[in-house]
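Okay, so here's the structure we're looking at.
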Amino acid sequence: MSANLAAVLYLVSGALFIMALRGLSSPATSRQGNLFGMTGMAIAVLTTLALARPVGLLPWALIIGGLAIGAVIGGITAKRIPMTAMPQLVAAFHSLVGLAAVFVAAAAFYAPDAFGIASNGIIHSQSRIEMALGAAIGAVTFTGSVIAFLKLDGRMSGAPILLPARHAINIVLGLALLFFIYGFFDSQSPIDFWLIVAISLALGLLLIVPIGGADMPVVVSMLNSYSGWAAAGIGFTLANTALIITGALVGSSGAILSYIMCKGMNRSFLSVIMGGFGGESAGPAAKGETKPVKQGSADDAAFMMKNAETVIIVPGYGMAVAQAQHALREMADHLKKSGVTVKYAIHPVAGRMPGHMNVLLAEANVPYDEVFELEDINSEFAQADIAFVIGANDVTNPAAKEDPASPIYGMPVLEVWKAKTVMFIKRGMSSGYAGIDNGLFWRDNTLMLFGDAKKMTEEINKSLG
């Protein structure tokens, strides 16, 4: 294949990746977006193989074998992993991208002639910089993603782990990293290369462990950005246009999404990416209150909703855990048959990653035109008869608006308490992921519906039927 044709095909794959991102911005076009992305990746992989033209059976066996093993593992994993575990799966995949960047950088370092980046055994100066940056970002992504996976999967405490003098340690390691990157650029020393990798691995761990569970959605998005920049750096080393384009798209879109999410959670973007600056203000885990609450039954909820004019449903992580989205849609169908207007309100960080609730509702065939984002629906709670909260907690906490001492003060939340009645499905009175109590539970217009989200919604459906 000629270099000109390869350049055109890489450009086509890049355009398809951009179209994929555009399609994934809405549940209505997400399937088409995925198709664009898969097509673009297929073109990029086949073009790269055609350019490389491996000689002999062994290289082809290794390539095809690697693709087959990866496809089988990826396919089985995707089918077995429930939607509630999708955030940790994404974190795990990010770790593999980071590790791959380190491996490619190491391969290019020890066999530069095979990559066409050396003359007389001396690696080109720009390639040394690209290699060092790709390895550093990849190593940070790897260990950071592993920690994020462990926290999200419950194998490690979600509470911030605040090491003594951690900021000073991070600054020293950061300066050391810059020093050895310059040393590698200057001398091409293998000691400098592996010190870059080792320091970056340590930084990835130290940057993520101080970040609490409430900020994990931002961390997942941030690590997604890191993995993109690592891929872009290695793309320059490999002189692969498609990898550069893909890495830049992932890196920039991940960074923008992280910034948007930080605004949605009233977090400082810089503090999060620097490893939890200000994490000391995180609220302690609530132990639950003994205040009296107004408790209701499925029959009470069904009667009130059937006689309402407008019901706004607020789904959260509890709905995802219980897999209650299908029962919820059935409940909405019952209400609409009774002439009730039903809408869904989605907080940008509801669940454990962006779009988590949108995907679950789409899976249950909830009409897209009934689903609204926070900024589009918040003003309607004051006119709603009922706000039906199923499994959400922190994103409906009035402390974000009313308590300056709260760790979440200033965070944009769904103002469900303005509705005439708030119905709250929860298993108990435990706090949310941010570890603070929700004062909404004890308000006069709140009716607590204790129990499993799916079972409670099914009982409501029986009463509505």
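The figures here come from the full heavy-atom set of this structure, side chains too, leaving out hydrogens, waters and symmetry mates.
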Mark yes or no for whether [X], through its side chain, and [Y], through its backbone, hold a donor-acceptor pair below 3.5 Å.
| X | Y | answer |
| --- | --- | --- |
| Ser227 | His94 | no |
| Ser200 | Ala139 | no |
| Glu330 | Asn461 | no |
| Asn378 | Val413 | yes |
| His326 | Asn365 | no |
| Thr29 | Gly23 | yes |
| Asp192 | Ser187 | no |
| Asn240 | Gly235 | no |
| Arg329 | Ala364 | yes |
| Thr246 | Leu243 | no |

Testing the basics here: between [X] and [Y], what is the closest heavy-atom pair and its distance to 0.1 Å?
| X | Y | answer |
| --- | --- | --- |
| Ser221 | Ser258 | OG-OG, 2.9 Å |
| Ile312 | Ala345 | CG2-CB, 3.8 Å |
| Ser119 | His124 | OG-NE2, 3.2 Å |
| Leu249 | Gly14 | CD1-O, 4.2 Å |
| Ile346 | Met357 | CD1-CB, 3.7 Å |
| Asp394 | Met411 | O-CE, 4.4 Å |

- Message: Run the side chain to side chain contact (heavy atoms under 4.5 Å, CB included) test on Leu152 and Val220 for me, step by step, so that the C-alpha distance in whole Å, both residues' side-chain angles and the decisive distance to 0.1 Å come before the verdict.
- Response: CA-CA 10 Å; Leu152 288 166; Val220 171; 3.6 Å; yes
- Query: What do the steps show when you test Lys454 against Asp452 for salt bridge (charged side-chain N to carboxylate O under 4.0 Å, His left out), and what is the final call?
  - Reply: CA-CA 6 Å; Lys454 183 178 181 181; Asp452 176 83; over 6 Å; no
- Task: Just do the side chain to side chain contact (heavy atoms under 4.5 Å, CB included) check on Phe93 and Val90 with the steps written out, would you?
- Result: CA-CA 5 Å; Phe93 283 168; Val90 172; 5.8 Å; no
Pairs under 3.5 angstrom only: tabulate donor-acceptor contacts from the side chains of residues 173-185 to other protein residues two or more places apart or in another chain.
none

Separation between [atom1] of [X] and [atom2] of [Y], rounded to the nearest 0.5 Å:
| X | Y | atom1 | atom2 | value |
| --- | --- | --- | --- | --- |
| Asn224 | Thr141 | CG | OG1 | 9.5 Å |
| Gln325 | Glu363 | CD | CD | 5.0 Å |
| Ile122 | Ile117 | CD1 | CD1 | 12.0 Å |
| Gln32 | Arg22 | CD | CZ | 10.5 Å |
| Phe109 | Phe115 | CZ | CZ | 12.5 Å |
| Ile377 | Leu414 | CD1 | CG | 8.5 Å |

Heavy atoms, side chains only, cut-off 4.5 Å: are [X] and [Y] in contact?
| X | Y | result |
| --- | --- | --- |
| Leu133 | Trp229 | no |
| Phe149 | Arg155 | yes |
| Gln126 | Phe236 | no |
| Phe142 | Leu201 | yes |
| Thr396 | Phe424 | yes |
| Arg166 | Pro210 | yes |
| Ile390 | Val314 | no |
| Met331 | Phe388 | yes |

- Task: Classify the side-chain pair Ser145/Tyr226 by whether it contains a donor and acceptor separated by less than 3.5 Å.
- Result: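 Ser145 vs Tyr226: no donor-acceptor pair found between side chains.
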- Task: Look at atom CD1 of Ile76 and say whether more than 12 heavy atoms of other residues, nucleotides or ligands are closer to it than 6.0 Å.
- Result: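 Yes, CD1 of Ile76 has more than 12 neighbouring heavy atoms, counting only those of other groups under 6.0 Å.
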- Query: Counting only heavy atoms not in Ile191, do more than 12 fall under 6.0 Å of its CD1?
  - Reply: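 No, the 6.0 Å shell around CD1 holds no more than 12 heavy atoms from other groups.
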- Query: Who pairs with Leu5 by side chain to side chain contact (heavy atoms under 4.5 Å, CB included), at least two apart in sequence or on another chain?
  - Reply: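 Partners of Leu5 under the side chain to side chain contact (heavy atoms under 4.5 Å, CB included) test: Met1, Ser2, Leu9.
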- Quick one: do Asn397 and Leu440 satisfy side chain to side chain contact (heavy atoms under 4.5 Å, CB included)? Show the steps, please. CA-CA 6 Å; Asn397 196 329; Leu440 181 60; over 6 Å; no
- Message: Under the criterion side chain to side chain contact (heavy atoms under 4.5 Å, CB included), I'd like the reasoning laid out for Lys343 against Glu370: C-alpha separation, chi angles, the key distance, then a yes or no.
- Response: CA-CA 5 Å; Lys343 296 182 179 181; Glu370 293 179 6; 5.7 Å; no
